[in-house]
Amino acid sequence: MAAPAQPKKIVAPTVSQINAEFVTQLACKYWAPHIKKKSPFDIKVIEEIYEKEIVKSRFAIRKIMLLEFSQYLENYLWMNYSPEVSSKAYLMSICCMVNEKFRENVPAWETFKKKPDHFPFFFKRILKAALAETDGEFSLHEQTVLLLFLDHCFNSLEVDLIRSQVQQLISLPMWMGLQPARLELELKKTPKLRKFWNLIKKNDEKMDPEAREQAYQERRFLSQLIQKFISVLKSIPLSEPVTMDKVHYCERFIELMIDLEALLPTRRWFNTILDDSHLLVHCYLSSLVHREEDGHLFSQLLDMLKFYTGFEINDQTGNALTENEMTTIHYDRITSLQRAAFAHFPELYDFALSNVAEVDARDSLVKFFGPLSSNTLHQVASYLCLLPTLPKNEDTTFDKEFLLELLVSRHERRISQIQQLNQMPLYPTEKIIWDENIVPTEYYSGEGCLALPKLNLQFLTLHDYLLRNFNLFRLESTYEIRQDIEDSVSRMKPWQSEYGGVVFGGWARMAQPIVAFTVVEVAKPNIGENWPTRVRADVTINLNVRDHIKDEWEGLRKHDVCFLITVRPTKPYGTKFDRRRPFIEQVGLVYVRGCEIQGMLDDKGRVIEDGPEPRPNLRGESRTFRVFLDPNQYQQDMTNTIQNGAEDVYDTFNVIMRRKPKENNFKAVLETIRNLMNTDCVVPDWLHDIILGYGDPSSAHYSKMPNQIATLDFNDTFLSIEHLKASFPGHNVKVTVNDPALQIPPFRITFPVRSGKGKKRKDADGEEDDTEEAKTLIVEPHVIPNRGPYPYNQPKRNTIQFTHTQIEAIRAGMQPGLTMVVGPPGTGKTDVAVQIISNIYHNFPEQRTLIVTHSNQALNQLFEKIMALDIDERHLLRLGHGEEELETEKDFSRYGRVNYVLARRIELLEEVKRLQKSLGVPGDASYTCETAGYFFLYQVMSRWEEYMSRVKNTGSASPDAAEVATFFPFHEYFANAPQPIFKGRSYEEDMEIAEGCFRHIKKIFTQLEEFRASELLRSGLDRSKYLLVKEAKIIAMTCTHAALKRHDLVKLGFKYDNILMEEAAQILEIETFIPLLLQNPQDGFSRLKRWIMIGDHHQLPPVIKNMAFQKYSNMEQSLFTRFVRVGVPTVDLDAQGRARASLCNLYNWRYKNLGNLPHVQLLPEFSTANAGLLYDFQLINVEDFQGVGESEPNPYFYQNLGEAEYVVALFMYMCLLGYPADKISILTTYNGQKHLIRDIINRRCGNNPLIGRPNKVTTVDRFQGQQNDYILLSLVRTRAVGHLRDVRRLVVAMSRARLGLYIFARVSLFQNCFELTPAFSQLTARPLHLHIIPTEPFPTSRKNGERPPHEVQVIKNMPQMANFVYNMYMHLIQTTHHYHQTFLQLPPAMVEEGEEVQSQETEMEAEEETGSVQANLTPSPTDASLSQETPTSQPDCSNQTEAASSHTEDTSALCDITTAAEPVSAAAEAATPQDGPSVPAETK
């Protein structure tokens, strides 16, 4: 297998290069946004740039990047475009810029939307240019650029401007391009279409000739484009050299065809055109397919196209076709061919009279049709309307090979898609792992196309949806597997031994050489399958390693995935490995196969099962693992060995590799998706079309659902009637009681329900139905029944005053249907989620709600808030491994809940015992839940009924309140409640108290009845399953856990009615979809009633490590984001309470009218200034330090020493002023910088009690969902903006701070970036040098925005800041030291008892020591380098006086500080972080 060449990385130009470029000089003259006096528009500029910069450099990405970044498209090209100035260079320049925007993943169509007038003309010019002759005005390379532009247009159908143009190319009239006989055949199939066709013809006749000609050209565009492509394809020779322009053109064209076929709106009529052009037959017979290197990607793309052309869907209706329907279509084709043969071709009688199964294999068809002449084959094809009729006495112009392939490929038996999927191995092999077209390296530039599926807005069917996600998920995990294999195997250093074998010169923690490998079982296949049901093997390894690594290997659990690898190195002993060169040929890797651990074998050769009993201690170093191999892969390998004489792969393995458990769940997820595709996926009817991206996007909104609920109990949502009225602006609120004293929560609200489907949205005269009745809400306050006399019986209440948009989100979440809540930073997403859960729990006590989040951290935050509300904790359950992190003593995991139930049962039985004693009943009623039940029935109920009959109002004169207390039977039991129980004020009040007491007693027995199952079920596992399936009402898990455990949950009979997803915009598309299907359908229908998704698509998307899957396949698009793009209605929360209003302005432009909650203006912490700093936010420009800006020691591992030192210096300054260190977090946009800053923190101030450590030093991506009072942010890059161009990352970065944000960056780079303008224009409006007020300690009384009474100092650069902080620290130490000396000279009486007085000698030593330190504290490089060797052990002192007293320790801290003034010496060490990953990737 040839090793792939390493792709080159595109190096972004530096700022100095940008400034020196010809393009930049032109930009500064004509269109740069920061230039005030611009020169007038000149068409020659565009011509010159296109010829000199783009064509001359052969469309070099670097040049196009520069142009696009300079806002060439926005500020020059499109702004000045008109038909008069349109030229080839103009068209091509616009296309290049749009393509570049797509490559960079930034919004491309915004500019066109602002000025749409000339777009139709522009688009028609593009179509004309795409069909031009290749040797004419447009070269093939230019036409490839045009194809890419068209592909982007077809994939942007959600943009109205684009859709209006593209629709004309792909609607029914395009069938003009069909040959007449085929058209007639299609219209005959669907009579309805003939009506439409006749209508189209009539309309055409009414058009004037010019418009008609134009329309005809557009309709025939795709047919003509296909013909043009076929001519290019045929011009490629089999073996002579070929220009890569032709190959790239063919690849891009097939990509366009795949994208047209994979979307229903474009596929509907186009699929027939494609079939009629026989494009696939031409391609499979072309020379390009047979060219091994050049045609490799083309062949892979072609297979994808073949898959989609035969996709199991009805093109016109869009319905998925079943297996039976596909078989029927196949039989119809064969029988029509047989009928034709029987009637017209006597030489095919044998064929005509055979049964279908006998003739539909490829070999049989070739046998029957091969001997026929070309003319006869043409006649057969024309009889089937595949080719035009052959005129009499004329020979066919098609060659025989083409005609034969046309008939055979059309009629051969097809394998069903599900069958193909079931036969597919789940583990990747060496062929896929190192195929650059399928799994590109980390240096994917976005230039070429790839043989990968794309996740767009729409999907053909659920099967297509799952399949694309299955393939992408499989390949994304393959990319990670490749990284692991390359890392482990290269660490083992396989070399060729003298005798030709393998010798390992190194070792790896995650891989071991295999001592012995044997296949021990190959089980028989199931009926109808040709692969074994299971294949097991034994792998023996020698664990002569350190104990902790040995424990890791012995700790491999059942279902853990490992990889078996064969290496045959050709390099002699001692050869060095070079990471830059292709990996395979260096290590001689031959095979990779996956396997799944069953368990380790004991001395007797039995599998050691996982269980509570301790594992046996095995002697010696040798260990044998029993593993399951993939049966599909085994069958393929064995077939290959027997049929082709290939070697037996399973005799060759010599390395076994394991992976980290957290990253190793890919097989379970893939199996889950595959199982979903094998079952009838029952998605609720109201969701089906929306998930596929069709129909009315608002059809699942509660206002359109047929089962909308009129009256809802909002429980404790509202704090008062005023809060309720403010929550429904524009509505008329009618309260059922007039007395203001009774208008107190909780409230039930009756809404005017419009029937979703039946009623038209507008009246006949077009007026909206906004009658008074439709705006009236009927509000009914109700009293929660008394729950008992104890204080803990009082329900917990919500204390948050929700805004009206939050209330709308809560209302939507309580109604059936799909609710999407967009929650900008700090708008209370979690509070809304928790209130929805609580309200559903109280309104629908019989329903069960599933909570799904992306991270354990989010689940913990939700749970902590749920526990503060009125929800019985016995109904809460948490699945997965994150419950350990819950900040509570309570354990909500399955076994934690089992223990709770058992403990609660004992508590309740004790209560029953006390009740029994108080009633004086003999016997042992509290023995079990069952005996307690009988006791309640015969003893408690009888007494209560007797009591009720005595005191109930019988209609006589006013009842006596005293009687209620007198006859009450449970006085003794409630003796421990607050007394008196009965107030004696009124009969009604006392009666309610008595009923409350009985409710308290009754609840004990209902709970015991629920817990009775745990007496009958003996094992913890059974009890936990019972809890999950019967008892729990609110079940929470992460999306990964749902994907892993679907099979188990469905098998248990798990059921739920509602799903709430938090952080929905951070969850992968497929991991969002799987939780919808964690239960079996009831009678063919899903019981799901509500789906609430809460997220923010303007913040960061799911993490995808491989850039190609992220960008090319759009795998980072979450389902939430896709729904927003499709147009599903959202509730946008619009008031934030996290940050100062001024900080909120840095990101609120990204959201629909995001404002501030009142407390952001009112609370003192928001109105007070940040002590010691003039501004509450500032962008601080950092120039090169010692001639260096950003550096990149490893791929994507960016560092910037100047910024790192500056950030740490500001952090130290703030701490010295008195800021608490844990209120400050340091963020950066790259992993490399994070490691560098951590190093500097450790060296400067890590153990220094005067400063301390920041709350966190991490990346922006990792900090999403968290916040802190003060954020110091380093943007690192000085050459290119990098991934901060993704506005979502900018929004996260700007929205983490509550009170202060200080950004360190190269301003000249970031201020030119179009996407970042709204934030950076505000940042650059303030001075770009740090303004500090050193004499203002923390906290200050100065108001934010006021001029300070103290002197302001301007810091020009990092060395100045470092020196300043050093001097400030020295001053602080000296003053503290002076204070300490004074304290020591006090008379002995003033020293507290127990405190040792230092002897005169110690004091003298201490003084000498400090003096010498202070003498040597002039910052010099030698001091700095010495200081790094000084051990920095510090006592954990909180008091500054104490800290200063331990002089020795302070010395080292001081020396550390001196290095701040001379950060150079730290540079060498800091630039290579010790804790950096071995193959770091860009922060994701």
Side-chain angles (χ1 to χ4, degrees), residues 178-179 181-182 185 226-227 229-239 250 254 257 271-291 295 298-299 301-303 305-307 309-310 329-415:
L178 293 175
Q179 43 158 319
R182 179 68 187 265
L185 181 74
I226 291 172
Q227 294 312 318
F229 160 75
I230 291 172
S231 67
V232 173
L233 183 68
K234 285 185 171 170
S235 71
I236 296 176
L238 186 58
S239 51
C250 292
I254 297 292
M257 295 296 107
N271 196 28
T272 313
I273 290 277
L274 190 67
D275 186 56
D276 189 49
S277 69
H278 312 307
L279 177 78
L280 279 173
V281 182
H282 284 295
C283 289
Y284 275 116
L285 295 175
S286 68
S287 306
L288 184 55
V289 171
H290 302 292
R291 292 178 74 105
F298 181 74
S299 304
L301 288 164
L302 203 51
D303 290 340
L305 180 58
K306 183 183 178 182
F307 171 79
T309 49
I329 290 170
H330 171 63
Y331 273 57
D332 288 348
R333 277 188 177 174
I334 289 271
T335 45
S336 64
L337 179 61
Q338 286 182 317
R339 279 200 297 273
F342 186 77
H344 303 281
F345 303 100
E347 58 265 61
L348 286 174
Y349 269 3
D350 286 355
F351 170 74
L353 298 172
S354 304
N355 63 9
V356 173
E358 198 180 318
V359 297
D360 67 353
R362 179 170 262 275
D363 297 346
S364 319
L365 288 166
V366 171
K367 189 181 86 183
F368 283 115
F369 287 91
L372 303 182
S373 68
S374 302
N375 288 353
T376 315
L377 288 170
H378 189 132
Q379 284 165 346
V380 175
S382 67
Y383 190 81
L384 296 172
C385 304
L386 298 176
L387 291 175
T389 316
L390 187 63
K392 277 188 179 176
N393 306 327
E394 277 190 35
D395 286 341
T396 177
T397 50
F398 297 100
D399 53 18
K400 184 173 174 181
E401 190 187 16
F402 168 79
L403 294 165
L404 185 61
E405 181 59 29
L406 174 62
L407 289 171
V408 171
S409 62
R410 195 174 180 77
H411 297 98
E412 67 180 329
R413 188 186 311 148
R414 43 170 288 287
I415 305 177

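Below, all heavy atoms of this structure are taken into account, side chains as well, without hydrogens, waters or symmetry copies.
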Step through the shown structure and confirm whether more than 12 heavy atoms of other residues, nucleotides or ligands are within 6.0 Å of [atom1] on [X].
X      : atom1 : answer
Lys400 : NZ    : yes
Phe342 : CZ    : no
Ile415 : CD1   : no

Problem - His344 and Tyr383 aromatic ring geometry - parallel, tilted or perpendicular at 30°/60° bounds - result: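 If you compare the ring of Tyr383 with that of His344, the planes turn out tilted.
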
Practice task
Establish, yes or no, whether the cationic atom of Lys367 lies under 6.0 Å from the six-membered ring centre of Phe351 and within 45° of the ring axis.
Solution key: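 Pair Lys367/Phe351 does not count as cation-pi.
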
Practice task
Nearest 0.5 Å please: distance from the OG1 atom of Thr376 over to the CZ atom of Phe345.
Solution key: 7.0 Å

Problem - Leu403 side, atom CG; Leu372 side, atom CG - distance, nearest 0.5 Å - result: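 Between Leu403 CG and Leu372 CG, I get 10.5 Å after rounding to 0.5 Å.
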
Between [X] and [Y], is there a donor-acceptor pair closer than 3.5 Å when you use the side chain of the first and the backbone of the second?
X      : Y      : value
Arg182 : Leu386 : no
Gln338 : Ser354 : yes
His290 : Leu285 : no

Exercise for the section: Check the side chains of His411 and Asp360 for a donor-acceptor pair under 3.5 angstrom, ignoring hydrogens and angles. Expected result: no

Practice task
Could you tell me whether the side chain of Gln227 reaches within less than 4.5 Å of the side chain of Ser277, counting heavy atoms only?
Solution key: yes

